[in-house]
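Here's the structure, in structure tokens; my notes come after.
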Amino acid sequence: MLARNGLIAFVTMATVILGWALLNYPVMKTLWDNGFDDGTYSHAYLIPVIILYLIYTAAEQQKLIFRTKINYGWLAAGIVIGGLFWISVWSQISLLYWSLSLSLLILLSLQIFRLSWSLIFPLSYLIFIYPFWGAFAGFFQELSVFMVTFIMSFTDIPVFVENEFVTIPAGVFEIARGCSGLRYIIVSLAISSLYVFLYLRTFKSAFIFILFAVVGALVTNWLRIVFLILIGDYTNMESSLMTDHNNFGWYIYVPVALIQFYLGGKLEQADEKMRSINPATEVSSEAAAKNSPLTATVVIATVMTLCFSSYAAQMSIQNSVALTENCETEFDARSHINLSVNNYSLVCSVTGDVNNEQKRVFYFNAEELDNKASFYLNTIIPSDYTLISKVVSDGENRVVSRDRVGNVWLIKYVYIIDGQTFSSVRDFKIARIKSALKGVNAHRLVVTLTKCPGDCSLSSATSSKNSPHAGF
């Protein structure tokens with residue numbers, strides 16, 4: 001049961017988190033759309049509950065200590081991070097506004113409470129909700145392909161591996177990004193870090209436990225893929241696991257987790273001996289009785305929460321879409337190829353100069369944070385098209401692809417912001433940051449599709465006259 005001062009500390013911290021989340025609704029929406037709604041982050045629903053429990057426990061143990069005076073160092077850091085957070089929202093750079101929003105929450109808390117691991121860890125635990133873990137999927141996918149190939153070499157099944165495809169006599173398996181094992185790694189890190197925080201006290205024990213958790217997650221995924229290949233070979237690809245194997249890996253993960261917790265128990269016993277030699281310092285009852293919030297620090301945190309929010313940043317910069325003169329917003333979509341472009345504000349068709357050519361301009365006015373041309377699902381190429389080749393030439397992306405009926409298409413596209421044209425997503429993002437400082441974040445994606453009479457050789461269909469940014 002919480003004492004009065006502990007209850008005040010818990011309510012204060014919970015209010016800070018709630019206020020931060022509500023005023024950062026635009027960022028929270030991206031977490032919901034890209035995290036909670038993704039199988040890789042199915043654990044995300046438990047994270048807020050765990051955080052509240054950890055904060056409650058810290059308050060109960062009198063480990064949330066209010067500041068008795070303003071700390072100008074943390075105040076300055078909060079102002080700097082808040083300013084950078086605004087820029088990241090204006091420029092719509094996901095990794096920046098995700099990481100800076102979490103940093104800002106920690107700095108808001110440090111305006112009111114003293115720095116302590118009991119405060120920092122629960123807030124940092126939010127990192128397991130943020131969907132930037134997907135950046136590691138490619139690496140773990142390649143590692144999984146390599147290890148599965150190595151393990152399969154010990155079997156008598158003929159295996160041919162090309163890129164992410166594993167071919168056996170019974171059929172073909174694709175080790176896609178979703179099969180990288182990232183979900184097992186994130187869950188293992190979340191569980192192991194929580195266990196370390198609650199029960200382990202030495203760096204050595206923490207390192208061993210977390211290392212075992214990560215290795216166990218990787219091995220679980222490799223065995224899952226190998227077992228599926230073996231089952232596919234044995235059943236001639238007729239097993240139901242060939243189409244529905246989402247839960248299969250968790251059955252393999254359970255024994256690994258049990259071994260992990262057994263190891264954790266042994267490490268905890270070893271740490272108990274260290275704890276008896278160096279007992280932890282406890283907060284005196286007199287200090288706990290004097291633990292109460294300072295009005296000035298609460299006011300500072302409140303003002304910073306209101307000012308440095310993604311909602312306020314978004315409302316401060318709204319650009320309208322300026323259409324080009326020959327841009328037709330109303331056109332028959334049935335006669336146009338369905339490009340893989342999402343979250344645009346407006347799309348229009350531009351009359352091409354060449355037969356068999358379609359030109360479209362997608363406008364993005366940043367009304368939401370995911371309303372951007374570089375959104376990760378904007379692959380441009382239609383989902384039912386087969387990629388043949390892709391190059392960057394004369395400042396534009398040029399993709400050759402084949403549709404379902406065998407026609408070959410040349411797709412050219414560029415990104416445009418503040419009068420500048422880019423083919424590189426990286427350069428485009430840097431330009432968005434620079435443009436944001438000038439109050440500009442509206443941009444567009446210009447795509448030209450040309451049906452090729454032959455093999456669509458890049459060298460024969462790339463005249464600058466028909467470049468996607470000509471006339472824009």
Side-chain angles (χ1 to χ4, degrees), residues 40-44 46-47 49-51 53-55 57-58 61 63 99 102 106 115-130 132-148 150-151 154 179-227 248-282:
T40 303
Y41 301 93
S42 55
H43 61 278
L46 296 175
I47 300 298
V49 178
I50 294 174
I51 291 173
Y53 169 76
L54 294 177
I55 292 174
T57 303
Q61 297 173 355
K63 292 182 178 180
S99 57
L102 181 55
I106 294 174
L115 176 64
S116 70
W117 185 234
S118 298
L119 173 65
I120 299 300
F121 179 83
L123 299 180
S124 300
Y125 205 67
L126 277 168
I127 197 173
F128 294 111
I129 287 181
Y130 284 79
F132 48 58
W133 295 90
F136 302 102
F139 169 77
F140 288 115
Q141 179 189 22
E142 294 177 4
L143 182 61
S144 295
V145 172
F146 174 80
M147 291 305 301
V148 168
F150 174 74
I151 297 173
F154 293 96
C179 300
S180 63
L182 190 61
R183 68 180 66 183
Y184 304 111
I185 295 172
I186 298 174
V187 170
S188 293
L189 285 174
I191 294 175
S192 59
S193 61
L194 181 60
Y195 191 95
V196 167
F197 175 73
L198 293 174
Y199 303 112
L200 302 183
R201 293 295 176 267
T202 64
F203 175 79
K204 179 181 177 181
S205 295
F207 177 79
I208 293 173
F209 190 75
I210 293 177
L211 179 64
F212 183 89
V214 174
V215 173
L218 290 171
V219 172
T220 294
N221 188 58
W222 300 336
L223 292 178
R224 179 184 71 91
I225 298 172
V226 170
F227 287 160
F248 181 64
W250 295 115
Y251 298 129
I252 304 174
Y253 181 77
V254 168
V256 175
L258 293 176
I259 297 173
Q260 179 183 342
F261 285 119
Y262 174 80
L263 173 63
K266 293 295 184 181
L267 294 172
E268 186 181 354
Q269 291 176 8
D271 283 1
E272 283 293 338
K273 298 178 181 178
M274 296 294 296
R275 190 182 304 178
S276 61
I277 298 174
N278 301 305
T281 303
E282 296 184 358

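Nothing here was measured: the structure is a model prediction, and the numbers come from that model. Keep in mind that the numbers below use all heavy atoms, side chains included, and drop hydrogens, waters and symmetry copies.
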Shortest non-hydrogen contact from [X] to [Y]?
{"X": "Thr220", "Y": "Gly249", "value": "CG2-O, 3.6 Å"}
{"X": "Lys63", "Y": "Ser118", "value": "CD-OG, 3.2 Å"}
{"X": "Gln141", "Y": "Ser180", "value": "N-CB, 3.6 Å"}
{"X": "Leu123", "Y": "Leu119", "value": "CG-O, 3.4 Å"}
{"X": "Leu189", "Y": "Ser192", "value": "O-OG, 3.2 Å"}
{"X": "Pro122", "Y": "Leu54", "value": "CG-CB, 3.8 Å"}

Should [X] and [Y] count as side-chain neighbours, where that means a heavy-atom distance under 4.5 Å?
{"X": "Ile185", "Y": "Phe136", "result": "no"}
{"X": "Gln269", "Y": "Lys266", "result": "yes"}
{"X": "Val219", "Y": "Val256", "result": "no"}

What residues form a ring-ring contact (aromatic ring centres under 6.0 Å, His included) with Tyr195, not counting sequence neighbours?
-> Tyr199, Phe209, Phe261

Rounded to the nearest 0.5 Å, what's the gap from [atom1] on [X] to [atom2] on [Y]? Could you check?
{"X": "Phe146", "Y": "Ile151", "atom1": "CZ", "atom2": "CD1", "value": "10.5 Å"}
{"X": "Ile225", "Y": "Asn221", "atom1": "CD1", "atom2": "CG", "value": "4.5 Å"}
{"X": "Leu194", "Y": "Phe121", "atom1": "CG", "atom2": "CZ", "value": "5.5 Å"}
{"X": "Gln260", "Y": "Leu267", "atom1": "CD", "atom2": "CG", "value": "10.5 Å"}
{"X": "Ile208", "Y": "Leu200", "atom1": "CD1", "atom2": "CG", "value": "9.5 Å"}
{"X": "Ile55", "Y": "Ile50", "atom1": "CD1", "atom2": "CD1", "value": "12.0 Å"}

Decide if atom OH of Tyr53 counts as having more than 12 heavy atoms of other residues, nucleotides or ligands within a radius under 6.0 Å.
-> no

Would one find more than 12 heavy atoms of other residues, nucleotides or ligands at under 6.0 Å from atom CZ of Phe212?
-> yes

Could you check whether any side-chain N or O of [X] sits under 3.5 Å from a backbone N or O of [Y], counting only pairs where one atom can act as donor and the other as acceptor?
{"X": "Trp133", "Y": "Ile127", "value": "yes"}
{"X": "His43", "Y": "Ile186", "value": "no"}
{"X": "Tyr253", "Y": "Gly216", "value": "no"}

Flag the pair Phe154 / Phe150 as yes when their ring centroid distance falls below 6.0 Å, and as no otherwise.
-> yes

Assess the pair Tyr125 and Phe128: is the distance between their ring centroids shorter than 6.0 Å?
-> yes

Taking it one step at a time, do Trp250 and Val187 satisfy side chain to side chain contact (heavy atoms under 4.5 Å, CB included)?
-> CA-CA 11 Å; Trp250 295 115; Val187 170; 3.9 Å; yes

